[in-house]
Structures are given as C-alpha cells and as structure tokens.
Amino acid sequence: MATAAPRRRTPAALKRYNEKRRFDVTSEPRGEAAARSQGDAFVVQQHDATRMHYDFRLELDGVLLSWAVPKGPSLSPDDKRLAVQTEDHPIAYRNFEGNIPHGEYGGGPVIVWDRGRWKPEGDARAALKKGHLTFSLDGEKLKGRYSLVRTRTGSGAGPKQGPKSQWLLFKRSDEYVRSGPAAEITQREPNSVISGRTVKQVGEALSGKRRTTAASVPTRTAKAKAPTKAAAKQAGKASKLPSLSSIEPQLATLVDRPPSTGRWVYEIKYDGYRMLARLDRGKVQLRSRNQLDWTRTFPGIAAALSKLDVASAILDGEVCYVTADGRSSFQDLQRVLPRGGGEIRADQQKQLVFYVFDVLHHDGVDVRDEPLVDRKLRLKILLGKKPPWPLVYSDHIEGDGDTVLTQACASGLEGLIAKRRDAAYHSGRSADWLKLKCHRRQEFVIVGYTASQARTGFRSLLLGVREAKALRYCGKVGTGFDQALLEDIGARLQKLVTDEPAVSDPPRMRGVIWVKPQLVCEVEYTEVTRDGALRHPSFQGLREDKPARQVKREKAVPVAAIEKEEDMHATASEAGKPRRTKVEASPDRPRKQSSARSGDVVEIGGVRISHADRVMDEASGVTKRELAEYHELVGPLLLPYARKRPIALVRCPQGDAQQCFFQKHKLPGLGDEVKKARIAGNEVIYVESQRGILELVQFNAIEIHGWGATMDAPDKPDWIVIDLDPDTALEFSDVVEAALEVRDNLDRIGLASFVKTTGGKGLHVVVPLEPHAGWDSVKGFAQAIASAMAEQQPDRYVANMSKAKRKGRIFIDYLRNGQGATAVLPYSPRARPGATIAMPVEWKDIRRIDPKEFTVRSAERWLKKRKRDPWAELLTTRQRLPDLD
DNA sequence: GAGTCCA
DNA sequence: TGGACTCAACGCTTG
DNA sequence: CAAGCG
Ligand SMILES: [Mn+2]
Ligand SMILES: [Mn+2]
C-alpha cells in the first residue's frame, strides 16, 4: 500500500532501513522521524522470519536502535543471549504488528511482544560507543536492569555491510530475576501485548488459512448426499461384509511432535479399548484387537449400534470409561470390567461411551479406499444428528498441528491422533496415523533413591511433592540421566542419607535409601496414575535454585484419587487385572520377520552376536553378521593400528540409514575386552584384541575412529592425519591430486607418508611419527601444512572448516590432530550407503582406484588380490617432526 | 543394547 | 511380560 | 554465546 510522500526530513540513520523496503508491498511503516514519543520507548517484537527471533529496540535520538536476538530475552542473569545489531528502525515501527510479505526483506509475521520505557544508567551514547550499556526497562513483561555488551565490533560502515556487530543481552541482578523455566518469559508469555495474538496466529491470519472443524461441514441428509449403494457399485467397490476376524485395525505410530508437512486432521486420543463393530441387519458384534468378543459385556453399546439406520456396516472406535470431568480413563475401564466376561454392572454401564472414528464398510460397500475425511463425513451422516447414546461421533479438527496440540494439552487431554486427511484405511501400523502425546513436567523433591547393581550412581530417584503440610510420595524416576548426572547426583545423595523417610506415606519397598528432602528436580511424565505415581517419568534436570519447601503440585490431585488409593491398600483389590494381562499379552499384530526371530543369535570369533540378521547397511543389505565376519577377516590388519589406541565409535542400532551416534565412553554391557582408562581426566576406551572389536560390533558399532596416539604414550602422537575433505561438487580425482601434492610437500621436508581411502571421496594422508612431540606441536605442524597450501592455491584449498567457503575446494582438515580428536581407522567400515571401508592403498595405485569399490563385502577379494600390505612400512618408519625455525 | 518404571 | 522412555561426544573454529 | 564441523 502506497503512503503519502513524506514531508519531514528522513534522518540519514534510516536510509538503510528505507533502502531495504518496498513500501508499496509491505505494510511496515516508512522511515520518518516520528513524533509523539517521549524519546525513551523500547519495544521487543517477535519476528517469525527465515529464522525466529526477537527484535530488541531502544529509542535514542529519534530512531530505534535495534538488535536481533535469536533466543529472545531471559529473566535469568545466567542466560547471555546473542544480540546481533541490525539497522536502525523508525520510531513508528514500534507499533508495527502484522505480516511482512514473503519475498520481502525479513518476510514473516511480527508481533509486539513487549513495550514500555527504558532508562540508561549513565550516558547512553558513550556507553554504546564503549560497547557496554546498562539500563532498566519498564515494560509489561520485561522489568528491571539489563545489559548489552559488545563482543565483536562489526565492520558494517561501508555501503556493503560487513559482519554486523555482536552483543550479548542479559539480565542484571535485581528483584525481577527469575531462574529455570520461569526465566523463559518468551515461552511463558508468548502473546502480543497489543492484540494478544501469538506470532503464529498472526502468520495464519495472513495466509487466510482458517482453521476449520468438521462440524462446520454443512450437515446433509443421508438420503441426499451419502453415496448410494448403486453409485458405489458403479465404482466397482461393492463387496460382501467381511468378518471382524479378517480385519486388523489401523494403528498409529508414536511421534514426538506434530507433522510439519502434508494435510492432517486431529482427533482426540482416547484411553480405552479399541473396538471394531460389525452390524448386519440389526445383528451386532463387537471385537477388540485381540479377537475377544465384547458384545455381551457392553449391551448398551450393542443396543445403540443396532438402532442405527443401516443395513450393514463395520465401524471402528474406542470404548471408554468417561469420568465425571469428561475424560476417558483406562484404569477405570479396567476396574469395572467383570472378571471372566459377563455383563458390566448397570450403574457402571452409564459411564461407558463408544467413540466412533471410522467406517470401513457401509451398506455393502467397502469404503476403505475413500479418503479419511470422506469416510468421516459418511460416518457422521450414518450416526445421525443425535447418535443413540452411548455412541459418540469422534470429531476432528484441521489446523496447525503445534497449535492444536498445545490447546489439547492445555485443556487436559492426554494426546491427539493425527491422521492424513486424504489417506485410505490401512490395516496395521503406519505413518498415516500418528500418536501425539501431551507431556507434563513438574518439579519434585528427591526424597530417596534405590541403588543399582548395573550402573554407577543409583537405580532411581524417589520423588515427593508438598501437599498441605506433608510431603507425599509420588513414584520413581529412573531414566533421563547421563553418566555424569548419575555420578554427580549419586554423590550428593550419599551426603544426605537419613533413616527417616521425609514422606508421610513411604512405600513399602526393599532397598530404599531415604535422604533429606533438599534436592529438587524437574521430571517430565505422561500422566499421574490413580495412586499418585508418575507414568513414563523421565528426569529433566536438577533445579539448583529452588528450595525444597516451595515444591507443590501444580494441579491439585482430585480428592477422589487419594481416597481410592487408601481403598486399594485396605482391600488389595485386583479387579480387572487378569483381563488386562490377557489383553496386553496378545500380540497386537504379526511382527515383522526381522525382529520376530529370537534365533538369530550367533557366535563369531568367540563373541555372542545377537540380531545377526539385522541389516546394518540398507543400500547393500550388509548385516550385523557380515560385519562381524568382516572384522574376523581384517582383525589381523586392523589390530596393529587399533590396538591400545583410544577410540570413538559410530553406532547405528537401526542401521546406517537411521540415526547413528558417536560414543567414546564405556557403557554397562560393553564386553570385558573393551577397556577403559583415564587420560587427563577424561575417560577413554580402547581394545587390545579382536574379541574387543567384535564386542563393539555386538553394540552395533559400524565405524571405529582412533586418536593420534596410543595408551603407551597418550601425550605423544604417533601419527599425523592430513584429512582431505572435498566439497561435494568435486571428483575423487581432484582429491587424489591434492593428496599427491601433500605427499610431495612432506617428501620435501623428509617425511614419508601413507594414504588411505575413507569410504567416500575423501583421503587421509598419514605420517607416522616416533612418539616424541606433544599435541600442540603436531597439530601446529599439520596446520602449517594446511595453511601454506591454502595460501598458495586459494582456489583449490581451504584450511577453514566452514562449508560456505569450501565451494569447489578441498578442506585440508588439520584438526584431526588435537588431543581427543579422532580420525577413522584403516579398515574401519563406514556407516554410509554401500558399507564402504577405509582402505590403505599404494601411492602408485592411487590414481587407479575407486574408493567406492572397497566395501565390507568386497574386502576379501581385494585383500587376496593385492601383492603386499601398502602400509607395511608404516609401523616401522622412524621419523620426527622437522625443526621449524 | 541396556537400564529403568509402571500396568 | 512388554511398552515407553532415555542415553550413548566433544573440542575447536567461526560468525 | 551459539552454530557448524568432523
Ligand atoms: Mn527482524
Ligand atoms: Mn574426512
């Protein structure tokens, strides 16, 4: 939208701002020195551009000084937030909220997240120049003292702005300081102070994508719109009504966050028994996933189904016990189910609801191939405007997954099922249906622990929460700790041991060690069980800042739950348990063959290898067994280099196509032949035998990387690795020429070198050394070589690891040569498609080989073919770094 | 892969 | 017993 | 400080 031409003079300071914007496209205000401000305004705008950030702006001398703060302000002095200074903005900008069009500079929604007045301590202009400004804010959210400290001054003076100057924004101590989650004010108070909207909502408003619910679909009558049998027949889909035992329901895959692409609808996740219903001319049958017949157990549901106005149908849904507050409770459902079948007591029948969410077959037509939303419309019509109680149509909503989930969780739901809007009904588990769980987190007092025989530190922490006067026990948490935490917390707890349980209701358990209730931790969980224990608890961290007495339950426990708990202890009621066991024990579906066989345990090289048929490399199909056999073959070749050398592993439990991770410490369960030791305070692992290597394979280690030194002299490197990492655009032959050049340079200073492939396009040039020099000199030497080459031929080499600068060049990575740094060992397999390996080769052959041809499977052939070990002299070469004067 | 909790 | 949950590195460089 | 890198 065009605005009237400015009359007022535009300050030079705003020139850059105006240059970047096209005011006929964006609704941002034009840069004009604005009136009606007292000269001390501040504003924080949340801006969902390419990257989410907060624009922190202080008014000074007629403009808004601006910083982009990626993480936004914090209320804790411990959180120093990077603030990149950006161009000055006109003062009118402080009220801007809306959408900057895509493609425009800084495109994306903006909200005014906070605003108010600010006041510098001392002379603001001098402080800015100095790079250290302290001030106080009086906004709606941010209050009190803050500082901006410059850490790097930008060279952005010229027309081509260089790197911008960088600052740190952080809270100074005063009464407004908060710590822990409370400090994350951007999370706790995400809404605009002007409109109350979130930045996402502003973004959605623009795109005109309105959230729609299925309820807004115009109601049609069955006669008018429901696809008729005749029409369906024409489509060739008419079919006989199948039996329930022939149908396996569609299942959802648990994921940790809503999908970001594709069209999805969201339904409530119910906590009950999944049930298929079959209606055939008034005759009803209800069946659960384990093929038990429940028709007689739920007569009310069966009766309601028989009243539906259809000749035949198969419906899918969930039978739930609905509590007074309207939630479905699996535990209550279990409780009321009669032992050994039979009908449910009448007074409990009325708590039961059958939520119906799908239709598979309708009046002689198999509708499973219809898109989900069509099936649901069909279902809605089928059930009628007022479905006979206790049938309920399970509605869905469309919209942004994050938003829907947040709202669902806030309203107390257990979670959501996301379903692909247009997908057909597919039996079994797939990614068309996703299970999204709400997670709750809360602080608890640690009131005790149990000891572990298997790991260091402790087995689990006993948690308590303040309720009225007393501390109430609320279960254990045993996961979420890393090694360090296990040791640290374990040591602290030992100092707090006491005989007296701090909780008023100590559980009767063996092996509990009580501690004084002083430590506070945060725990995430999915729900609180009926007797007050946490379900699926996981440790999130210690809360060092919080006194134990402040820890209270955020939401009151329903009184009923506590009463019931006492009931249970008194009567030891086990109602429902046998049934539950039975339900849970039956397999939910035929397992995939790969994991079904427990028989694929083999022994290779004297080491037990489980899941031997697991595919470790998708591309080639190489299995764990083949990997172990490979190591049996190359053990004698690899071991001289791997022996007593601190190593790091790349482990890929689900194969190399999935998530792999690094490991450099010993874990419980790793075999005895994997040794550990301490070097300079850090734990390292190493092996001395082929058995040790095979034990790594059993842990799904694919790659083995090693230090540049051995345990014999961990401070004195015994080789240098010059690692050549090409830009993806380059060919292997380019890397070969580089390697030869490195070799020649080394030759010239009298150092012999060897070369190996690395499984990809890269090469390693290895210079054996007598262990004589320290890490710093060795790394310094490697860097000198890298820098010299990069300097002489900047178009071919870089000595800087930034990928951006690598374009069309080779990164000469000298950083493999520091203490603790690792490089892949010769003969190590690589976790990449094809199961390639790192292979030593002769310099004279290097131009003729293709590194992709050396694989776990082809290794034997190549090894037979070669005349001699290309690295035969490496271990006997005695050479030292030259004196570099 | 293994340790942990809970139903 | 089985599902769910979690962990399994790290130091250096660069922006 | 935080992200990127290997
Ligand atoms: Mn911005
Ligand atoms: Mn490399």
Side-chain angles (χ1 to χ4, degrees), chain A residues 51 69-71 79-84 149 151-152 154 162-170 254 256 330-331 334 435 437 439 450 452-455 457-463 475-486 523-527 529-531 533-540 576-577 580-581 583-588 610-611 648-654 659-671 682-684 695 698-701 705 721 723 725 758 762 779 783 799-806 811 813-824:
Chain A
R51 201 168 156 217
V69 186
K71 297 192 126 185
D79 297 329
K80 312 248 190 303
R81 296 288 158 83
L82 179 71
V84 179
V149 176
T151 58
R152 184 206 211 69
K164 298 171 174 171
S165 63
Q166 305 204 11
W167 303 61
L168 296 176
L169 171 69
F170 56 94
L254 179 65
D256 61 354
F330 188 78
Q331 290 179 72
Q334 272 192 107
K435 200 189 300 178
K437 283 192 170 181
H439 290 273
T450 56
S452 171
Q453 293 155 21
R455 67 183 185 190
F458 53 87
R459 178 185 173 98
S460 62
L461 302 177
L462 278 71
L463 305 174
K476 293 182 280 202
V477 56
T479 191
F481 319 97
D482 59 24
Q483 296 280 90
L485 233 25
L486 235 25
V523 174
E524 191 171 271
Y525 55 96
T526 51
E527 63 173 333
T529 64
R530 243 165 19 98
D531 40 348
L534 306 183
R535 181 127 184 245
H536 301 142
S538 78
F539 181 86
Q540 301 294 313
K577 193 169 179 191
R580 170 62 191 266
T581 310
V583 168
E584 292 292 298
S586 74
D588 39 302
S610 63
H611 298 101
L649 313 171
V650 173
R651 293 177 51 200
C652 310
Q654 296 98 267
Q659 203 59 64
C660 298
F661 54 86
F662 240 72
Q663 176 170 335
K664 44 193 345 184
H665 302 310
K666 180 134 186 182
L667 277 179
L670 257 178
N682 295 116
E683 186 190 301
V684 298
E695 286 173 358
Q698 162 59 6
F699 259 59
N700 299 306
H705 298 238
V721 176
D723 173 17
D725 291 333
T758 60
K779 185 170 155 192
Q783 180 172 19
N800 177 320
M801 83 182 153
S802 117
K803 284 246 192 200
K805 291 189 179 166
R806 200 175 303 183
F811 169 40
D813 182 2
Y814 61 92
L815 294 161
R816 305 300 90 226
N817 300 290
Q819 178 166 39
T822 58
V824 72

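Between A:F811 atom CZ and D:dC5 atom P the separation is 10 Å, expressed in whole Å. If you measure from atom CZ of A:R535 to atom P of C:dG3, you get 13 Å, rounded to the nearest angstrom. For the pair A:L463 CG and B:dC6 C1', the interatomic distance rounds to 14 Å; values are reported in whole Å. Rounded to an integer number of Å, the gap from NZ of A:K805 to P of C:dT14 is 7 Å. Protein atom CG of A:L534 is 16 Å distant from nucleotide atom C1' of C:dT6, rounded to whole Å. At whole-Å resolution of the value, CG in A:L485 and P in B:dT4 are 15 Å apart. Whole-Å rounding puts the A:L649 CG to B:dG1 P distance at 14 Å. One atom, CD of A:Q654, and another, P of C:dA8, lie 16 Å apart when rounded to the nearest Å.
Looking at heavy-atom distances under 4.0 Å, A:A648 makes no contact with the nucleic acid at all. In this structure, A:F481 reaches the sugar-phosphate backbone alone: every heavy-atom distance under 4.0 Å involves primed, P, OP1 or OP2 atoms, never a base. The residue A:G475 sits close only to the backbone: its heavy atoms come under 4.0 Å of sugar-phosphate atoms, none of a base. A:R455 comes within 4.0 angstrom of the backbone, heavy atoms only, and of no base. Contacts of A:T822 with the nucleic acid, taken as non-hydrogen atoms under 4.0 Å apart, are absent.
The two residues A:K779 and A:L815 have their closest heavy-atom pair at CE-CD2, 3.9 Å. Closest heavy-atom contact between A:L486 and A:F481: CD1-CB, 3.6 Å.
Not one side-chain nitrogen or oxygen of A:H705 sits closer than 4.0 Å to the OP1 or OP2 atom of D:dG6. A close approach under 4.0 Å does occur between a side-chain nitrogen or oxygen of A:S452 and OP1 or OP2 of B:dT4. Regarding contacts with the backbone of D:dG6, a side-chain N or O of A:R806 is found under 4.0 angstrom from either OP1 or OP2. In terms of phosphate contacts, A:R459 brings a side-chain nitrogen or oxygen within less than 4.0 Å of OP1 or OP2 of B:dT4. Between A:S538 and C:dT6, a side-chain N or O to OP1/OP2 separation shorter than 4.0 Å is present. For A:K803 and D:dG6, the shortest distance from a side-chain N or O to OP1 or OP2 is below 4.0 Å. Between A:K666 and the phosphate of C:dA8, there is no side-chain N or O to OP1/OP2 separation shorter than 4.0 Å.
The side chain of A:Q663 has C:dA9 as its nearest neighbour among C:dA4, C:dG15, C:dA9. In this structure, the nucleotide among C:dC5, B:dG1, C:dG15 sitting nearest to the side chain of A:L82 is C:dG15. Closest to the A:F661 side chain, of the nucleotides C:dA8, D:dC1, D:dG6, is C:dA8.
A donor-acceptor pair is defined here as one N or O able to donate and one able to accept, closer than 3.5 Å; no such pair exists between the side chain of A:K664 and the backbone of A:E683. Judged purely by atom type and a 3.5 angstrom limit, A:R816 has no side-chain atom pairing as donor or acceptor with the backbone of A:D723. Not one N or O on the side chain of A:E524 forms a donor-acceptor pair closer than 3.5 Å with the backbone of A:P537. The backbone N or O of A:E527 sits nowhere less than 3.5 Å from a side-chain atom of A:R535 that would complete a donor-acceptor pair. Judged by distance alone, with hydrogens and angles left aside, the side-chain atoms of A:R651 form a donor-acceptor pair with the main-chain N or O of A:F699 at under 3.5 Å.
Rounded to whole Å, the P atom of B:dG3 lies 15 Å from the corresponding atom of C:dA8. With P as the reference atom, C:dA9 and D:dC5 are 22 Å apart, rounded to whole Å.
For A:H705, the ring pair (Phe, Tyr, Trp, His ring centres under 6.0 Å) partners at least two apart in sequence or on another chain are A:F662.
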What does the list of N/O pairs under 3.5 Å between the protein and nucleotides 10-13 of chain C look like, with a distance for each?
from: C:dC10; atom 1: OP1; to: A:H665; atom 2: NE2; distance (Å): 2.6

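Across the interface with DNA chain B, nearest-nucleotide mapping of A:K476 and A:N700 shows A:N700 to be the residue nearer the 5′ end.
Side chains of A:T450 and A:S460: a donor-acceptor N/O pair is present below 3.5 angstrom, by distance only.
Remark: the A:S802 side chain and the D:dG4 base include no donor-acceptor N/O pair separated by less than 3.5 Å.
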